[in-house]
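These notes are about the structure you will find just below.
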Amino acid sequence: MTINISIIAAIAYGILAIVGGIIGYTKVGSKISLISGSISGLLLIISGIVQLMGINWGIIFSTIITTILIITFIIRLAKTRKMMPAGFMILTGIVAVGVMVYEISI
């Protein structure tokens with residue numbers, strides 16, 4: 001078991017998604033934020049754990065989920081024109097995907 005940067009990126013972005021969903025629910029009562037943040041966050045954390053166990057599909061799964069979240073937040077940013085939380089999640093997601101793709105390529 002070796003922890004690499006892509007595992008940290010997947011788990012960190014997963015935690016960020018869960019926290020964002022909770023904040024969205026507490027601030028504006030958005031159940032969809034809570035549900036989607038929790039599901040996508042848990043999937044990212046699980047894929048990080050799978051990577052930690054040495055199973056190769058974990059990093060691919062993390063990259064796919066993060067890319068889907070980036071696209072979702074781009075659409076949300078286009079609709080709302082509000083940088084928070086969409087812009088923040090886009091930027092952190094791009095960093096996470098960059099790290100994951102780099103890890104896949106080496």
Side-chain angles (χ1 to χ4, degrees):
M1 275 196 278
T2 307
I3 291 188
N4 59 38
I5 193 85
S6 66
I7 294 169
I8 295 168
I11 293 173
Y13 198 65
I15 291 169
L16 195 60
I18 293 170
V19 170
I22 293 169
I23 291 171
Y25 179 73
T26 57
K27 284 198 170 197
V28 292
S30 174
K31 289 182 183 178
I32 193 71
S33 289
L34 180 63
I35 293 167
S36 61
S38 297
I39 291 172
S40 58
L42 286 173
L43 288 173
L44 282 164
I45 292 169
I46 289 168
S47 65
I49 293 168
V50 167
Q51 289 178 61
L52 186 59
M53 295 169 42
I55 301 171
N56 291 333
W57 62 262
I59 192 166
I60 296 167
F61 193 59
S62 299
T63 307
I64 291 169
I65 294 168
T66 305
T67 303
I68 291 169
L69 285 172
I70 292 168
I71 293 167
T72 302
F73 283 112
I74 288 171
I75 293 168
R76 183 173 295 165
L77 180 63
K79 286 182 182 178
T80 65
R81 304 267 186 223
K82 294 181 181 178
M83 280 302 286
M84 281 302 286
F88 178 71
M89 291 299 286
I90 292 166
L91 293 175
T92 55
I94 289 170
V95 170
V97 167
V99 167
M100 292 171 195
V101 169
Y102 174 76
E103 195 70 37
I104 291 170
S105 67
I106 57 171

Problem set entry | Note, I11 side chain near L44 side chain (heavy atom, < 4.5 Å) | no
For this session: Please report the closest heavy-atom contact between M89 and A17, naming both atoms and the distance.
Result: CE-CA, 4.1 Å
Exercise. How long is the span from the OG atom in S47 to the CD1 atom in I7, to the nearest 0.5 Å?
Worked result: 10.0 Å
For this session: Report yes or no: does T66 contribute a side-chain atom to a donor-acceptor pair with the main-chain N or O of T63 at less than 3.5 Å?
Result: no
Problem set entry | Heavy-atom pair with the smallest gap, counting every atom of I65 and S40 | CG2-O, 4.2 Å
Exercise. Are M53 and I8 connected in a single hydrophobic cluster, I mean Ile/Leu/Val/Met/Phe/Trp/Tyr linked by side-chain heavy atoms less than 4.5 Å apart?
Worked result: yes
Seminar exercise, completed: Separation between CD1 (I94) and CZ (F73), nearest 0.5 Å, reads 12.5 Å
Seminar exercise, completed: Value for CD1 (I68) from OG (S36), rounded to nearest 0.5 Å, stands at 12.5 Å
Exercise. Atom CD in Q51, atom CD1 in I3: separation rounded to 0.5 Å?
Worked result: 11.0 Å
Exercise. What distance do M100 atom CE and I60 atom CD1 have between them, rounded to the nearest 0.5 Å?
Worked result: 12.0 Å
For this session: State, to 0.1 Å, how close V99 and A9 come at their nearest heavy-atom pair, and which atoms those are.
Result: CG1-CB, 4.1 Å
Exercise. Can you get from V19 to L43 by hopping between Ile, Leu, Val, Met, Phe, Trp and Tyr side chains that sit under 4.5 Å apart?
Worked result: yes
Exercise. Closest heavy-atom contact between Y13 and L69?
Worked result: CE2-CD1, 3.7 Å
Exercise. Honestly curious: do I45 and I35 fall in one hydrophobic cluster under the side-chain, below-4.5 Å linking rule?
Worked result: yes
Exercise. Are I23 and I15 grouped together when hydrophobic residues (ILVMFWY) are joined by side-chain heavy atoms under 4.5 angstrom apart?
Worked result: yes
Problem set entry | Spacing of I75 atom CD1 and I90 atom CD1 [to the nearest 0.5 Å] | 10.0 Å
Exercise. Looking only at heavy atoms, what is the nearest atom pair of A10 and S62, with distance?
Worked result: CB-OG, 3.5 Å
For this session: Could you tell me whether the side chain of M83 reaches within less than 4.5 Å of the side chain of F88, counting heavy atoms only?
Result: no
Exercise. Any idea which heavy atoms bring S38 and L34 closest together, and the distance?
Worked result: OG-O, 2.7 Å
Problem set entry | hydrophobic_cluster_shared for V97 and I104, side chain cutoff 4.5 Å | no
